Amino acid sequence: MNLDDEKKAFHYAVYDTVSRIPHGNVTTYGHIAYLIGRPQNSRQVGSSLKHLRYIRERLNQEGAGLGEVPWWRVVNSAGIISPRNFGEFEQATLLRGEGVVVSERHKMDLEQYGWFPDDVE
DNA sequence: AATGTGACTTGGG
DNA sequence: TCCCAAGCCACAT
């Protein structure tokens, strides 16, 4: 897979911005897109996070010096964890570990998959 | 090279 | 409220 400079810049901007989300807080894909000056590219923000492990390593090999990127602090515009083939449970666990509570509505979403969180907003 | 997929969001009907 | 089309574009096949 090749990464041209423009794509690398986008990934870097996303990771750098997500890294600034404080512990115990969350924000949205759309807001990250807005903050990096590409308000129409929220979908690509999700893509960057999806490929985080692979791409961050690659950027760091080129000297980016990116630390841990708290990808779990990014949720969708509805304020819930984006469903994605069961990968959302790890995110829910990480957020709960930071004291982030689960909304009543989201709780129902998760229960459909057999997950029953205790903390409810 | 071409097409499919998707960790998204917004606006309109 | 719900549903859908558009806009956008990185990655996978």
Side-chain angles (χ1 to χ4, degrees):
Chain A
M1 180 191 95
N2 74 314
L3 281 183
D4 59 39
D5 291 342
E6 202 167 321
K7 292 176 183 177
K8 281 190 279 192
F10 183 87
H11 289 305
Y12 181 84
V14 170
Y15 300 156
D16 180 53
T17 303
V18 170
S19 295
R20 300 173 193 281
I21 305 172
H23 180 285
N25 288 76
V26 298
T27 190
T28 67
Y29 298 96
H31 188 57
I32 297 297
Y34 168 80
L35 290 175
I36 65 176
R38 302 211 18 199
Q40 319 304 313
N41 293 40
S42 52
R43 192 172 196 131
Q44 283 59 243
V45 170
S47 183
S48 280
L49 294 181
K50 177 179 183 178
H51 303 290
L52 172 62
R53 189 188 323 239
Y54 178 86
I55 295 177
R56 183 187 57 182
E57 180 179 359
R58 180 124 174 198
L59 290 176
N60 280 342
Q61 285 175 355
E62 300 173 13
L66 288 163
E68 183 180 41
V69 178
W71 55 268
W72 58 91
R73 296 177 190 150
V74 183
V75 298
N76 65 26
S77 64
I80 67 175
I81 295 171
S82 284
R84 49 194 194 262
N85 195 42
F86 296 85
E88 62 270 38
F89 300 109
E90 180 189 4
Q91 182 171 6
T93 299
L94 287 166
L95 286 176
R96 288 183 65 203
E98 296 191 352
V100 176
V101 298
V102 180
S103 72
E104 197 53 65
R105 175 178 167 207
H106 192 194
K107 179 186 175 191
M108 294 194 297
D109 290 340
L110 293 172
E111 284 177 347
Q112 290 186 314
Y113 296 100
W115 194 73
F116 302 90
D118 298 324
D119 303 323
V120 176
E121 190 172 13

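On a predicted model such as this, the values are computed, not experimentally measured, just so you know.
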*What parts of residues 12-23 of chain A reach DNA chain C, counting only heavy atoms under 4.0 Å away?*
none

*asked:* Please evaluate residues A:T93 and A:W72 with respect to the criterion side chain to side chain contact (heavy atoms under 4.5 Å, CB included), reporting the C-alpha separation (whole Å), side-chain torsions for both, the decisive distance (0.1 Å), and the verdict.
replied: CA-CA 9 Å; A:T93 299; A:W72 58 91; over 6 Å; no

*Where the side chain of A:I55 is defined as all heavy atoms beyond and including C-beta, which of B:dG6, B:dT9, C:dC11 is the nearest nucleotide?*
C:dC11

*Atom OH of A:Y34 to atom P of C:dC8: distance rounded to whole Å?*
19 Å

*Output yes when at least one side-chain N/O atom of A:S48 is less than 4.0 Å from OP1 or OP2 of B:dA7, else no.*
no

_Within the structure provided, determine whether A:K50 and A:R84 are in side-chain contact (heavy-atom separation under 4.5 Å)._
no

*Could you give the OH-to-P distance, from A:Y54 to C:dC11, as a whole number of Å?*
8 Å

*Considering just the side-chain nitrogens and oxygens of A:H51, establish if one lies under 4.0 Å of OP1 or OP2 belonging to B:dT5.*
no

*asked:* Looking at A:S82, is its backbone amide N or carbonyl O close enough to the side chain of A:E88 to form a donor-acceptor pair, meaning the two atoms are under 3.5 Å apart?
replied: no

*Does a side-chain heavy-atom distance below 4.5 Å link A:E62 with A:K8?*
yes

*Rounded to whole angstroms, how far apart are NE2 on A:H11 and P on C:dC11?*
3 Å

*In residues 36-46 of chain A, what residues come within less than 4.0 Å of DNA chain C, judged by heavy atoms?*
A:R38, A:Q40, A:N41, A:R43, A:Q44

_Cluster check A:L59, A:L52: I/L/V/M/F/W/Y, side chain < 4.5 angstrom_ = yes

*For A:E6, does the CD atom sit with more than 12 other heavy atoms under 6.0 Å from it, leaving out its own atoms?*
no

*N/O donor-acceptor pair under 3.5 Å between A:N41 side chain and A:A33 backbone*: no

*asked:* Taking A:G67's backbone N and O only, do any of them form a donor-acceptor pair with A:R56's side chain (distance below 3.5 Å, no angle check)?
replied: yes

*Using atom OH of A:Y29 as one end and atom P of B:dT10 as the other, report the distance to the nearest whole Å.*
14 Å

